[in-house]
Protein chains: 2
Amino acid sequence: MLSNLCTDLANGTLSGMPAHRTARERARAELTAAIKDEARRQLGEQGADGLSLRAVARELGMVSSALYRYFPSRDDLLTALIIDAYNALGATLEKAAAGADAPRERWRAACHGLRAWGLANRHEYSLIYGTPIPGYRAPQDTVTPATRVPAVFIGALRDAWRAGEVKPPFKGPEMSPELRRQVGIVRAQLAPDVPEEVLARGLIAWVQLFGMVGFELGGQFANTVDPADEFFTHTVEQMTLFVGLG
Amino acid sequence: MLSNLCTDLANGTLSGMPAHRTARERARAELTAAIKDEARRQLGEQGADGLSLRAVARELGMVSSALYRYFPSRDDLLTALIIDAYNALGATLEKAAAGADAPRERWRAACHGLRAWGLANRHEYSLIYGTPIPGYRAPQDTVTPATRVPAVFIGALRDAWRAGEVKPPFKGPEMSPELRRQVGIVRAQLAPDVPEEVLARGLIAWVQLFGMVGFELGGQFANTVDPADEFFTHTVEQMTLFVGLG
DNA sequence: CAAATTCGAGAGCACCGCTCTTGACTCCTC
DNA sequence: GAGGAGTCAAGAGCGGTGCTCTCGAATTTG
């Protein structure tokens, strides 16, 4: 349990700062970071399946068993990479959105930012949004970083609504009470003043966006709209209109 | 090469019929089927990663090396399962669509059929539409069966157009010449009379649909629209309207 | 019947995640 | 400053994986 605390500190999962009171702690923090870096490198080359603890240890010039002092299992190492990936993507989107002024431009920027990040870090993208790794259950630690990504989109939509800039182009079907309730959960947390109908459209566009990036990464567009740059841009415009941000 | 022919025959990948001239050929065909069945069983339990040639052989009471007489590698076994999955899904959707009369109802039926099949066969769904297995390249044999699935949707859209039932609810952005050309590839093959604008909307809805099923299977809807029945139905209606099939 | 082909079985290679033990090292406390 | 507590890298080892090769037996073919 003391060792767990140290691991948490080294992983940066606690809000407390490094401290590094002793040389041992500093060495531990550095080695933990080196392991994650090498693991991320291997992840980028061969994907999650190709990530081998033994290979990481080999590359770092140590024996495989030594690595278990830093990450109790392969899954724990993967969890650390997942958290880092969520944070990296979240930061990227926040930055991309911050570059635009009007809410609707922030929405567009976030869409294009997501695709760009996914194409540049396809294995990390697959790690967080791809087929779940069998037998792996994401621990609670991943929830908070994961929230940063949708927050960018919902934030843009919320601000657009407040500025009176959201006008859906056609009337959709009625929402059932249960669906209203479910959408209301998100609403209560992030956008209490936006109507459920608008949030539901945003959610549809959100899913469409991730479907598109997933299809492109999976090569499902082969022989049709591949390369997908034009289709992506066109679809973002269509879905932006659909949401009412056009 | 002769053995390849026999394998192809046993797999049913050639259009020729069994023949079974000798007892050996019959035994080979039966064992090949048994291997695929057991592999499919294990796939359904633990996913593609959990599929082990040794475990399949063990379960069938044979030695692992004997299995290589039937499938030259694990990837070949996976390929056979992929082809079967495409065909099973394709047949399911064709049947679901055939149950409806009006084209727009066939479209809806295909949407709901896809989700139902994906939920009932999640690992097979992931095999064909999930994150690509690293290092695995789908051979040409998978292309034709894969085409059956989109053909159902495009067929419904085409028939609806011919019946004059397609009316997009709002004018979208202009399509670039390059995007027109890309969409035109699909158009030329399956729906030569449907305008590119309509096909592009259909493609957007298509991607949205797979994004939704993928999100649901991946548990991405947790704590929001989960269970996703209501959201799925609502979104299908929205996207059906978006395409102009409403 | 004899030759050619196909088959199951076994041994073996290199890799994997993970566990346990051992001996050396560092740190904290008396 | 010396000891004990805690931490560390290393090694051996377990059971698992995909895959290759060889060998003798069975079956099909001529």
Side-chain angles (χ1 to χ4, degrees), chain A residues 1-10 19-32 34-35 38-39 42-43 46-81 133-136, chain B residues 1-10 19-32 34-35 38-39 42-43 46-81 133-136:
Chain A
M1 30 205 78
L2 187 63
S3 78
N4 284 346
L5 178 64
C6 288
T7 302
D8 289 342
L9 278 169
H20 287 329
R21 290 187 29 256
T22 72
R24 225 216 274 278
E25 284 182 12
R26 178 165 37 245
R28 180 177 186 87
E30 281 177 12
L31 234 182
T32 304
I35 292 170
E38 174 60 25
Q42 291 192 15
L43 179 78
Q46 314 188 38
D49 280 8
L51 176 60
S52 146
L53 283 190
R54 289 182 115 108
V56 170
R58 200 181 308 128
E59 207 67 23
L60 262 51
M62 60 169 99
V63 115
S64 68
S65 58
L67 225 149
Y68 286 84
R69 298 240 175 234
Y70 299 86
F71 295 95
S73 76
R74 186 177 174 277
D75 278 3
D76 289 270
L77 178 53
L78 272 180
T79 299
L81 294 182
I133 292 132
Y136 173 83
Chain B
M1 30 205 75
L2 186 65
S3 80
N4 282 345
L5 178 65
C6 288
T7 302
D8 289 343
L9 278 169
H20 287 331
R21 290 187 28 255
T22 72
R24 194 177 247 163
E25 283 183 12
R26 178 165 38 246
R28 183 181 182 84
E30 281 177 12
L31 234 180
T32 304
I35 292 170
E38 174 61 24
Q42 291 192 15
L43 178 78
Q46 313 188 37
D49 281 7
L51 176 60
S52 146
L53 282 190
R54 290 181 113 109
V56 171
R58 201 181 307 128
E59 207 67 22
L60 262 51
M62 59 168 99
V63 114
S64 69
S65 58
L67 223 147
Y68 285 83
R69 300 247 177 229
Y70 299 85
F71 294 94
S73 76
R74 186 177 174 278
D75 278 1
D76 289 87
L77 178 54
L78 273 179
T79 299
L81 294 181
I133 291 126
Y136 173 83

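A note on names: the letters A, B, ... follow the listed sequences, proteins ahead of strands, and every chain is numbered from 1. Just so it is clear, the structure is predicted and the values come from calculations on it, not from any experiment.
- Separating the CD1 atom of Ile35(A) from the P atom of dC8(D) is a distance of 11 Å, rounded to the nearest angstrom.
- Among the atoms of the strands shown, none is found under 4.0 Å from any heavy atom of Ala27(B).
- Here the P atom of nucleotide dT20(D) and the CG atom of Asp76(B) are 11 Å apart, to the nearest Å.
- One atom, CZ of Arg74(A), and another, C1' of dT17(D), lie 13 Å apart when rounded to the nearest Å.
- OP1 or OP2 of dT6(C) has not a single side-chain nitrogen or oxygen of Arg24(B) nearer than 4.0 Å.
- If you check distances only, the side chain of Arg54(A) does reach the base of dG17(C) with a donor-acceptor pair under 3.5 Å.
- Nucleic acid contact class of Leu77(B) (heavy atoms, under 4.0 Å, all strands): none.
- The side chain of Thr22(B) sits closest to dT29(D) out of dC19(D), dC18(C), dT29(D).
- Nearest to the side-chain atoms of Leu31(B) among the listed nucleotides dG8(C), dA9(D), dT19(C) stands dG8(C).
- Within the 4.0 Å cut-off from OP1 or OP2 of dC8(D), at least one side-chain nitrogen or oxygen of Arg28(A) is found.
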Discussion item. Does Tyr68(B) form a side-chain contact (heavy atoms from CB on, under 4.5 Å) with Leu53(B)? I'd like the steps, not just the answer.
Written reply: CA-CA 9 Å; Tyr68(B) 285 83; Leu53(B) 282 190; 3.3 Å; yes

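- Map Met62(A) and Leu51(B) each onto its nearest nucleotide of DNA chain D; the residue landing nearer the 5' end is Met62(A).
- The shortest distance between the side-chain N/O atoms of Ser52(B) and the OP1/OP2 oxygens of dT17(D) is below 4.0 Å.
- If you take CG of Asp75(A) and P of dG17(C), they are 11 Å apart, rounded to a whole angstrom.
- Between dC16(C), dT17(D), dC7(C), one nucleotide has an atom nearer to the side chain of Ala55(A) than all others, and that is dC16(C).
- One atom, CZ of Phe71(B), and another, C1' of dG18(D), lie 16 Å apart when rounded to the nearest Å.
- Judged purely by distance below 3.5 Å, without hydrogens or angles, the side chains of Asp76(A) and Ser73(A) pair a donor atom with an acceptor atom.
- Residues Gln46(A) and Leu51(A) have side chains not in contact (no heavy-atom distance under 4.5 Å, counting atoms from C-beta outward).
- Heavy atoms of Ser64(A) sit under 4.0 angstrom from at least one base atom.
- Distance from the side chain of Arg69(A) is smallest to dA9(D) among dA9(D), dA9(C), dG8(C).
- The CD-P distance, from Glu25(B) to dT5(C), rounds to 15 Å in whole Å.
- Both Arg58(A) and Ser65(A) lie close to DNA chain C; mapped to their nearest nucleotides by heavy-atom distance, the more 5′-ward contact belongs to Arg58(A).
- Taking atom CG of Leu67(B) as the reference point, atom P of dC7(C) lies 12 Å away to the nearest angstrom.
- Taking atom OH on Tyr68(A) and atom C1' on dA12(D), their separation rounds to 15 Å, with Å as the unit.
- Between the side chain of Arg54(A) and the main chain of Val63(A), no donor-acceptor pair closer than 3.5 Å is present.
- Shown here for Val56(A) and Glu38(A), the closest heavy-atom pair between the two residues is CG1-CG, 3.9 Å.
- For Leu31(A) against Met62(A), the heavy-atom pair with the smallest separation is CD2-CE, 3.1 Å.
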